[in-house]
Amino acid sequence: MTGRERRAALSAGMFLAPALLLIAVFFFLPVVAALLLSFTDFDIYALGDLSRLRFVGFTNYLQLLQSPLFWIAIGNTFYFVLVGGPLSVALSLGAALLVNARLTRFPGFFRAAFFLPVVTTLVAVAVVWRYLYHPRYGLLNYGLSWLGVDPIDWLGNPDWAMPAIILMAVWKNFGFNMIIFIAGLQNIPPQLYEAARIDGADAWRRFRHITLPLLGPTFLFVALITMIGYFQVFAEPYVMTQGGPANRTLSVVLLMYEEGFRWWNMGYASAAAFVLFALILAGTVLQLKLRRESP
Amino acid sequence: MSRWMHRLLPSLVLHGALMAGAALILLPLLWMLAASLMPAGEANHYPPRLWPSAVTFEHYAALFTRLDLGRHLLNSALLAGAVTVIALLINSMAGYAFAKLRFRHRDRLFQGLLAAMVIPAQVAMLPLFLLLKQLGLINTYWGVIIPGMANIFGIFLIRQYLLAIPDSLLDAARMDGAGEFRIYWSLILPLCRPILVTLAIFTFLGAWNDFMWPLIVLTDSTLYTLPVALANLLGEHVQDTELMMAGSVLTVLPVMLLFVALQKYYIAGILLGGTKG
């Protein structure tokens, strides 16, 4: 190393040190510690006196797999991801197509209107939706009564609580994906559409054979970030249903929060967090693989 | 007739769909605002009212006097402001180093950081709580601020932006004998202004809207941020719809105004993260 290179490395170190140190101490270290924690019986007694801590191997993971409540949380989380995710992606693509259409006047206004829920505070809008879902006075049931639908106890009925939470979550965040889709649409060369029109392709065929294939990478990105975000659902059920009714909206993160920070079963809760991480990782790998295999 | 079929009808359908969509999307927010101005009890009415019969600010007054929500508003502003200022400095320094300084394993280190973004934050939360407890930072502002001070996505944004700036500009400054810190402070930071605004909005909104971590760290109710205070308020005042709506307006209005004012920068940030990432 020459003196000049050493000086460069030294100054790079000075610029990087604060960020890397913080990320190492307050993110990487806790992640490693969480893995270790998940193999211990860390509970409220260990919180007071660390000598109570014991290494228990895979006991926490085995207990999770044998716990009906954990399977319910897994099932609910998958329900939320597999129904809410595609719904959010489809709605955001639809909105992007409308906002980006050639004929659309004031696209900036519509884009901002559709995007506004994204910047709102989740807790506050979850509170608002609680009232919109009110079986008697809620706006939603009133609107549905015009269509002849009988009142639904959205958050009180075990079968409707999860769809209600999904609807609210999709409303809250489809605008984010819409922005990314609009950028993707604007990257498609307009000449392609012109050529297809000259060849007599109708709107559906242009969408099917030009828009969709060329949006491929955008789709993958949107699907990935939506899936990763939806797996971490927490505040919606925390504020709207507390996981109820009958645990039908209990998510993995809500379970982790309850076990870890309410009952202080931190070993058990860490194991739950790692199962969630494994699911997210598996989902990510699966989507990347599917995308690579499809033409 | 054919002109109508080919030009006006599609446009009519398109704008009808857009306007119906926008109305449905904005309805919950408009109803929140309207209900917050209704006299007590009016929001629990069938058929539901969309507009207050008489506008009243009594619920806002109650929030600030009886329920001390001003304190939580201040907590939120203070925490989000502090996180934003510190995060801008720390992430822009690291982003600069990754984009413009040469050192061994630079790109591998950066790739490693990016890969770590798939780890959900919740995985780190339990040990992070124990660590901050050891440091005596549970139930303090710092307990909320510290984990948000450095952010991989923030470093990524700054780096992407700086990659587009030619090295010759920096080399010229180095020729003139400027030190690296001076270059960073008086050349890089001014050049980065647009992306710094973007990062500032992202960080501020993220910190303002965050719920789970402040809920875990802050146990003393006087330290609660607005979202935590609002969730807490719901426990006691779930029947007071108008009051809860006023609290919700108070929570979302600052970030909505910030977004409306700085929309351009916010959307530029999503695109930088979304299309080039």
Side-chain angles (χ1 to χ4, degrees), chain A residues 8-9 11-12 15-16 18-20 22-23 26-27 30-31 33-34 37 95 98 101 103-104 110 112-114 116-117 119-125 127-129 131-132 136-137 139 142 171 176 179-180 183 221 228 232 234-235 239 253 256 260-261 266 269-270 273-274 276-277 280-281 284, chain B residues 10-11 14 17-18 21-22 25-26 28-29 31-32 43-48 90-91 93-94 96-97 101-103 118-120 122-124 126-128 131 146-147 149-150 152 155 180 205 208-209 211-212 216 227 230-231 234 241 244-245 248 251-252 255-256 259 263 267 270-271 274-275:
Chain A
S11 64
F15 280 103
L16 285 173
L20 292 189
L22 282 166
I23 292 171
F26 295 104
F27 188 58
V31 168
L37 207 56
L98 288 181
L103 289 173
T104 299
F110 289 112
F114 292 159
L116 202 54
V119 301
T120 57
T121 312
L122 184 54
V123 171
V125 293
V127 169
V128 173
W129 278 76
Y131 294 103
L132 295 177
R136 201 168 142 67
Y137 305 120
L139 223 47
Y142 179 64
W171 169 83
F176 189 89
I179 297 290
I180 298 171
F221 178 77
I228 293 174
Q232 300 173 35
F234 169 74
V239 173
V253 176
M256 183 207 96
F261 292 108
M266 296 191 115
S270 293
F274 265 91
L276 180 75
F277 178 27
I280 290 178
L281 210 56
T284 305
Chain B
S11 170
L14 176 72
L18 279 166
I25 295 302
L26 294 178
L29 298 173
W31 181 79
M32 164 183 77
N44 290 339
H45 190 271
Y46 192 89
I90 288 176
N91 292 325
M93 282 169 61
Y96 167 55
L101 299 178
R102 285 188 198 94
F103 54 93
V118 298
I119 307 175
Q122 290 89 346
V123 171
L126 295 150
L128 188 57
L131 175 65
I146 286 175
M149 293 199 307
I152 297 172
I155 297 172
E180 286 299 336
L205 257 62
W208 183 279
N209 290 341
F211 176 60
M212 193 170 177
I216 290 168
L230 195 68
L234 188 68
T241 312
M244 288 310 303
M245 290 306 99
S248 300
T251 308
V252 299
V255 278
M256 276 178 16
F259 164 71
Q263 229 203 100
I267 286 176
I270 299 178
L271 296 181
T275 50

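A, B, ... follow the sequence lines: proteins, then strands. Residue 1 opens every chain. Here the structure is a predicted model, which means the values were calculated and not measured.
- Using cut-offs of 30° and 60° for the angle between ring planes, the A:Y131 and B:W31 rings count as tilted.
- Per-residue counts of heavy-atom pairs under 4.5 Å with chain B were compared for A:V123, A:T284, A:T121; the largest is that of A:T121.
- The contact between B:I90 and chain A is made by backbone and side chain atoms together, counting heavy-atom distances below 4.5 Å.
- When heavy atoms are compared at a cutoff of 4.5 Å, A:L98 approaches chain B by way of both its backbone and its side chain.
- Using a 4.5 Å cut-off between heavy atoms, B:I119 contacts chain A through both its backbone and its side chain.
- From A:M256, atom CE reaches atom CD of B:Q122 across 6.0 Å, with rounding to the nearest 0.5 Å.
- Between A:A124 and B:L230, the closest heavy-atom pair is CA-CD2, 3.6 Å.
- Among B:N91, B:I155, B:L14, the residue making the largest number of heavy-atom pairs under 4.5 Å with chain A is B:L14.
- The part of A:F234 that comes within reach of chain B is its side chain, from C-beta onward, which places non-hydrogen atoms under 4.5 angstrom from that chain.
- Annotation: maximal heavy-atom pairing with chain A below 4.5 Å, among B:P120, B:A94, B:A43, occurs at B:P120.
- Contact of A:I179 with chain B is made through backbone and side chain together, with heavy-atom distances under 4.5 Å.
- Of all the listed residues (A:V125, A:L276, A:I23), the one sharing the greatest number of non-hydrogen pairs under 4.5 Å with chain B is A:I23.
- Taking the six-membered ring for Trp and the full ring otherwise, B:Y96 and A:F15 have centroids separated by under 6.0 Å.
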### Query
Could you go step by step and tell me if A:F261 and B:L126 meet the side-chain contact (heavy atoms from CB on, under 4.5 Å) rule?
CA-CA 8 Å; A:F261 292 108; B:L126 295 150; 3.8 Å; yes

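- Contacts of B:L18 with chain A are made by both backbone and side-chain atoms, with heavy-atom separations under 4.5 Å.
- For B:E180, the parts sitting under 4.5 Å from any heavy atom of chain A are the backbone and the side chain alike.
- Here A:V127 is the residue among A:V127, A:L20, A:I280 with the most heavy-atom pairs under 4.5 Å with chain B.
- Formation of a donor-acceptor pair under 3.5 Å by the B:N44 side chain with backbone atoms of A:Y137 is not found in this model.
- Heavy-atom distances place both the backbone and the side chain of A:A12 under 4.5 Å from chain B.
- Annotation: the span from B:I270 atom CD1 to A:F176 atom CZ amounts to 4.5 Å, rounded to 0.5 Å.
- Most heavy-atom pairs under 4.5 Å with chain B: of the set A:T104, A:L281, A:V239, this distinction falls to A:T104.
- Proximity to chain B (any heavy atom under 4.5 Å) is restricted, for A:F110, to the side chain, taken from C-beta onward.
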### Task
Take B:M93 and A:L16, measure what side-chain contact (heavy atoms from CB on, under 4.5 Å) needs, and give me the verdict at the end.
CA-CA 7 Å; B:M93 282 169 61; A:L16 285 173; over 6 Å; no

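- At least one side-chain heavy atom of A:L116 sits less than 4.5 Å from a side-chain heavy atom of B:L29.
- Nearest heavy-atom pair, A:P30 versus B:P127, reported as atom, atom and distance to 0.1 Å: O-CG, 3.1 Å.
- Ranked by heavy-atom pairs under 4.5 Å with chain A, the first of B:P28, B:P47, B:P227, B:A231 is B:P28.
- Between chain A and the residues B:I152, B:L234, B:L131, the largest count of heavy-atom pairs under 4.5 Å involves B:L234.
- Proximity to chain A involves both the backbone and the side chain of B:M212, based on heavy atoms less than 4.5 angstrom apart.
- The closest side-chain heavy-atom distance from B:V123 to A:F274 is below 4.5 Å.
- Both the backbone and the side chain of B:Y46 come within contact range of chain A, judged by heavy atoms closer than 4.5 Å.
- Closest approach of A:A112 to B:Q263, counting heavy atoms only: CB-NE2, 3.8 Å.
- Heavy-atom distances place both the backbone and the side chain of B:I25 under 4.5 Å from chain A.
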